[in-house]
Amino acid sequence: MPKCFIDSTPKALPVHTVREDAYGAWLDGQSDGVKAWLASTGFKGKGGQTALLPGDGATGAIGAVYVIGGNDDRGGAWAWASLQTGLPGGEYQIVSELSADDAHDAALGFALASYRYERYQTQTDDGNGPDNGTDNGGANMPVLVWPQGADRDGVRGAYGATKLVRDLINTPASDLGPAELAKAAEELAHASGASFKGVVGVDLIREDFPAVYAVGRGAEDSRAPRLIEFTWGREDAPRVTLVGKGVTFDTGGLDLKPASAMKLMKKDMGGAAHALGLASMVMVAGLDVRLRVIIAAVENSVSGAAMRPQDVIATRKGLSVEIGNTDAEGRVILADALALASEDNPEIIVDFATLTGAARSALGTDLPALFCNDDGWAEAILNAGLKTADPLWRMPLYQPYKKQIKSKIADLRNDTDTPYGGAITAALFLQAFVGKDIAWAHIDLMGWTLAAMAGKPDGGEAMSMRALFAALTDRYAS
Ligand code: BES
Ligand code: MN
Ligand code: ZN
């Protein structure tokens, strides 16, 4: 956790939280002094605004009023995040009555807004000094008394998972290659008593992951491709398998990306980060499932050893794939990961991937695309997304487009002749490697915030992870 919460203290300054539509009524109940102060400072009582209130003169201590709702239609925890950004350093306590849901959202929003990524900074703008990897909580940061009624473990679980996702995505490829991604997975696995396995380099051929090897073989030895796997939970509990695209850097391979497109590609392991973050939530909460996590980790690199356009590669499932474009590498490594995931016939497979630019063209940066072969499960995920202010939007596995990924010389190709429907054709490619009777959800996500919002700094971001956790919790709550 960031050092943003304390237990009750007499020093804490009171914060009144008021819904925008109840602000008028709240104001009516205040003293003339408070009314005059808010009027003279021009405070309008709009959603997301915080006003500092004058003290009683004798102590000079201030308080604050935070207005929730209105202008932040992301809702949920995000509607509370600007409370953190609106307060100066000091200790605060929400004195208004909160429902359990609001207390959770207030705490989570406050924590998410306190997140900083300062690993590489020797000096910071906020005057708190760098935290060098641990979360900040310096003298200039506001600190909140744990809101009464907040489910602290739930907040810790969601914050911890989000921090894991953000930190992993924000770490440059120079410090996060396939080996480091494997180490992060192994640490998480061991912390939860899960059994961990990694297959590295040419062993991928021996253990039948030819597609992962083909994509990753162009990278230098210290960045050799890997298949990362761990298993947790009661053996005969319902089986849930999470799969992640872990491309620690995507140059595009020999069909090299232009500079503007390559610039964000340290985030191309965002799917793997999401699989790990969601796994941590499931394990911390102790959901009664047999959880399996499978990550294909590679650097999509340029070298004499790299795969070439028009190469034909083998896959674990036995289907051959013509490489039309080496930049469509994510679906190729996921082919082997999804084939492995299907082998023990789990009840559910969820894969996360920063798979296509086309999904971003369709839905923008903040809204992950959901593809799902099971309408009931899809509905449950979408509803959970609304409930947790972590929305997804469903897109179709439109079967007639399958003809676009037919190859003339192999079973499948990894690109298409036109970019139209690119998120769909990528999803259809993945579907070819998923067992027919398994409820499978594929999430094509950005994993990155381009323009900071309250609670969401620029950079790596978890998108749809809390939604999936809520959906799994609803489904498997014991
Ligand atoms: N990692 C990219 C997709 C991506 C790009 C995600 C930008 C988010 C933002 C992926 O490996 C890729 O390069 N996809 C290509 C596929 C194409 C060559 C068929 C794409 O989307 O352009
Ligand atoms: Mn690519
Ligand atoms: Zn990629």
Side-chain angles (χ1 to χ4, degrees), residues 165 169 173 176-178 181 211-212 214-216 218-219 223 225 243-274 295-302 306-311 321-335 337 351-369 371 395 401 404-407 412-430 442-451 458-464:
V165 172
I169 294 176
L176 191 104
L181 186 56
V212 179
V215 174
R223 290 164 182 277
V243 174
K245 170 180 173 181
V247 177
T248 56
F249 195 80
D250 184 7
T251 66
L254 296 176
D255 287 351
L256 192 69
K257 281 185 186 295
S260 59
M262 204 190 296
K263 185 145 184 195
L264 276 181
M265 285 299 126
K266 72 172 182 183
K267 79 172 174 76
D268 213 19
M269 33 55 67
H274 278 69
I295 290 169
V298 301
E299 180 175 283
N300 189 21
S301 206
V302 177
M307 65 175 181
R308 294 152 290 252
Q310 294 187 304
D311 281 358
V321 173
E322 181 186 8
I323 301 298
N325 190 319
T326 64
D327 198 11
E329 83 297 340
R331 69 197 70 180
V332 178
I333 60 172
L334 287 174
D351 81 70
F352 297 92
T354 51
L355 200 65
T356 68
R360 306 287 63 85
S361 298
L363 299 177
T365 54
D366 303 343
L367 197 50
F371 294 86
M395 290 178 72
Y401 289 169
Q404 296 188 40
I405 53 170
K406 269 198 186 140
S407 164
L412 291 166
R413 58 188 276 198
N414 78 332
D415 69 338
T416 52
D417 286 331
T418 77
Y420 299 119
I424 299 172
T425 49
L428 291 171
F429 181 96
L430 298 184
H442 156 56
I443 298 167
D444 190 339
L445 55 87
M446 178 74 171
W448 188 269
T449 298
L450 289 173
D458 298 292
E461 186 57 80
M463 300 177 171
S464 78

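For this chain, numbers begin at 1 and follow the sequence in order. Just so you know, ligand 1 is whichever comes first in the structure, and atom 1 is the first atom listed for that ligand.
Taking each heavy atom of Gly324 and Asp255 in turn, the nearest pair found is O-OD2, 3.8 Å. Heavy atoms only, all atoms of each residue included: Trp448 and Lys266 are closest at CH2-CE, 3.6 Å. Leu181 and Gly246 make their closest contact through CD2-CA, 4.0 Å (heavy atoms, listed as atom of the first residue, atom of the second, distance). For Ala362 against Met395, the heavy-atom pair with the smallest separation is CB-CE, 4.1 Å. Closest heavy-atom contact between Met262 and Thr251: CE-O, 3.6 Å. Counting all heavy atoms, side chain and backbone alike, Ala427 lies closest to His442 at CB-CD2, 3.6 Å.
Remark: minimum distance from atom 7 (C) of ligand 1 to any protein heavy atom is reached at Met265 CE, 3.5 Å. For atom 2 (C) of ligand 1, the closest non-hydrogen atom on the protein side is Asp250 OD2, 3.7 Å. The shortest contact between atom 1 (N) of ligand 1 and any protein heavy atom is with Asp268 OD1, 2.8 Å. Counting only heavy atoms of the protein, atom 6 (C) of ligand 1 lies nearest to Thr354 O, 3.7 Å. Annotation: atom 22 (O) of ligand 1 to nearest protein heavy atom, Gly357 N, 4.5 Å. At the shortest separation from atom 12 (C) of ligand 1 among protein heavy atoms lies Asp327 O, 3.1 Å. Remark: minimum distance from atom 17 (C) of ligand 1 to any protein heavy atom is reached at Ala328 CB, 4.3 Å. At the top of the distance list for atom 16 (C) of ligand 1, counting protein heavy atoms only, stands Arg331 NH2, 3.8 Å.
For ligand 1, the atoms sitting less than 4.0 Å from at least one non-hydrogen atom of Glu329 are 11 (O), numbered in the order shown with element in parentheses. Taking a cut-off of under 4.0 Å to the non-hydrogen atoms of Lys245, the atoms of ligand 1 that pass are 1 (N), 10 (C), 11 (O).
With a 4.0 Å cut-off on non-hydrogen atoms, Asn325 touches ligand 1 through its side chain and not its backbone. When heavy-atom distances to ligand 1 are checked against a 4.0 Å cut-off, Met269 has no atom that comes that close, whether in backbone or side chain.
At a threshold of 2.8 Å, the Mn ion (ligand 2) has a backbone or side-chain N, O or S atom of Asp327 nearer than that distance.
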If you apply the rule side chain to side chain contact (heavy atoms under 4.5 Å, CB included), what do you find for Asp268 with Thr248, and how did you get there? CA-CA 6 Å; Asp268 213 19; Thr248 56; over 6 Å; no
Before you tell me yes or no, could you show the steps for Lys245 and Ile333 under side chain to side chain contact (heavy atoms under 4.5 Å, CB included), namely the whole-Å CA-CA distance, both residues' side-chain angles and the distance that decides it to 0.1 Å? CA-CA 7 Å; Lys245 170 180 173 181; Ile333 60 172; 4.3 Å; yes
From CA spacing to verdict: side chain to side chain contact (heavy atoms under 4.5 Å, CB included), Phe371, Ile424: CA-CA 8 Å; Phe371 294 86; Ile424 299 172; 4.0 Å; yes
Determine, stepwise, if the pair Glu461 / Met446 fulfils side chain to side chain contact (heavy atoms under 4.5 Å, CB included). CA-CA 8 Å; Glu461 186 57 80; Met446 178 74 171; over 6 Å; no
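Angle OE2 (Glu329) to the Zn ion (ligand 3) to NZ (Lys245): 90°, rounded to 10°. Rounded to 10°, the angle formed at the Zn ion (ligand 3) by OD2 of Asp250 and OD2 of Asp268 is 90°.
In Asp250, the N, O or S atom that comes nearest to the Mn ion (ligand 2) is OD2. Nearest N/O/S atom of Glu329 with respect to the Mn ion (ligand 2) is recorded as OE1.
One finds a salt bridge joining Asp444 and Arg360 here, because a Lys/Arg side-chain nitrogen approaches an Asp/Glu carboxylate oxygen to under 4.0 Å.
In this comparison of Lys263, Lys267, Lys257, Met446, the heavy atom closest to atom 8 (C) of ligand 1 sits on Lys267. The nearest non-hydrogen atom to atom 10 (C) of ligand 1, considering only Thr356, Leu355, Asp415, comes from Leu355.
Inclusion of Arg360 in the set of residues having an N or O under 3.5 Å from an N or O of ligand 1 is not warranted.
Taking CG of Asp327 as the reference point, atom OG1 of Thr356 lies at 11.5 Å (rounded to 0.5 Å).
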